[in-house]
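Reviewing the structure listed below.
Just follow the structure's listing: the first ligand is 1, and inside any ligand the first atom is 1.
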Amino acid sequence: MIVAIDGPAGSGKGTIASILSKRLNLVNIDTGATYRCVALKALRNNLKVENKEEIIKLSNNIDVKFDLNNNVYLDGEDVTKEIRSKEVTQIVSPISSIVEVRKNMVDLQRRLGNSNNVVMEGRDITTVVFPNADYKFYLDATLEERAKRRYKEYQEKNIDMTYDEIYENIKSRDYNDSHKEIGSLMRTDDQVYIDSTNMKIDEVANKFIEIINNN
Ligand code: DC
């Protein structure tokens with residue numbers, strides 16, 4: 001079974017995917033983390049976003065794995081926290097726009113998705129990675145609400161970004177993420193659209209589960 005969730009940064013996809021994975025016994029695959037691993041590896045190799053060829057090479061044989069507690073491993077090393085850093089967050093969207101990097105990550109995500117019952121969240125899961133998924137959702141919220149949620153999350157995790165930095169970062173990622181050559185974030189008629197702006201997280205999770213159980 002594949003549950004696919006797309007939506008913009010901060011819409012709550014990660015939280016919902018984590019709740020669904022526990023309640024429905026699914027492996028949770030955070031596809032944004034695969035792009036964040038490429039970005040982290042690029043930073044570690046002192047590459048800039050402009051060094052496309054080198055970044056593509058690096059994405060050709062990158063090893064990204066997830067465990068059942070949502071930890072992320074890059075070439076065997078636990079990078080769960082490091083991939084959320086400000087530095088990675090600032091360059092990940094342009095890196096994820098590189099067509100060849102996307103091809104490599106989509107291959108990787110399909111391999112991960114085909115070997116388990118999964119909930120997979122990202123920007124192009126319902127449209128490119130698994131267009132035939134059993135359940136397809138688009139989770140949304142206003143920009144202000146998403147920036148507020150990310151700010152709260154980052155404070156709890158001691159990640160050093162101000163509200164204004166987060167707001168601007170999300171705004172520019174929204175633009176980038178919906179203007180890609182391939183794999184753009186988009187709404188389609190066959191997704192279930194859920195606007196979580198005025199909903200509590202439990203209400204959102206219950207709505208997902210109700211839809212999955214009734215279809
Ligand atoms: O969900 P996230 O914020 O961790 O994602 C990081 C970046 O990766 C985001 O700016 C867009 C990109 N991304 C993508 O292009 N396609 C996906 N399926 C998931 C994420």
Heavy atoms under 4.0 Å from ligand 1: which residues qualify?
Thr31, Gly32, Tyr35, Arg36, Arg84, Val92, Ser93, Ser96, Arg102, Gly122, Arg123, Asp124, Ile125, Arg173, Asp177, Lys180
Salt bridge between Glu181 and Arg102, side-chain N to carboxylate O under 4.0 Å?
no
Output, in order, the C-alpha distance, side-chain angles, deciding distance and verdict of salt bridge (charged side-chain N to carboxylate O under 4.0 Å, His left out) for Asp75 and Lys41.
CA-CA 10 Å; Asp75 300 328; Lys41 200 162 178 178; 2.8 Å; yes
Main-chain N/O of Ala141 paired with Arg146 side-chain donor or acceptor, under 3.5 Å
yes
Among all residues two or more places apart in sequence or in another chain, which pass the ring-ring contact (aromatic ring centres under 6.0 Å, His included) test with Tyr193?
Tyr138
Residues in side chain to side chain donor-acceptor pair (under 3.5 Å) with Lys157, at least two apart?
Glu153
Side chain to side chain donor-acceptor pair (under 3.5 Å) contacts in which one or both residues fall within residues 202-215, not counting sequence neighbours
Arg23-Asn206
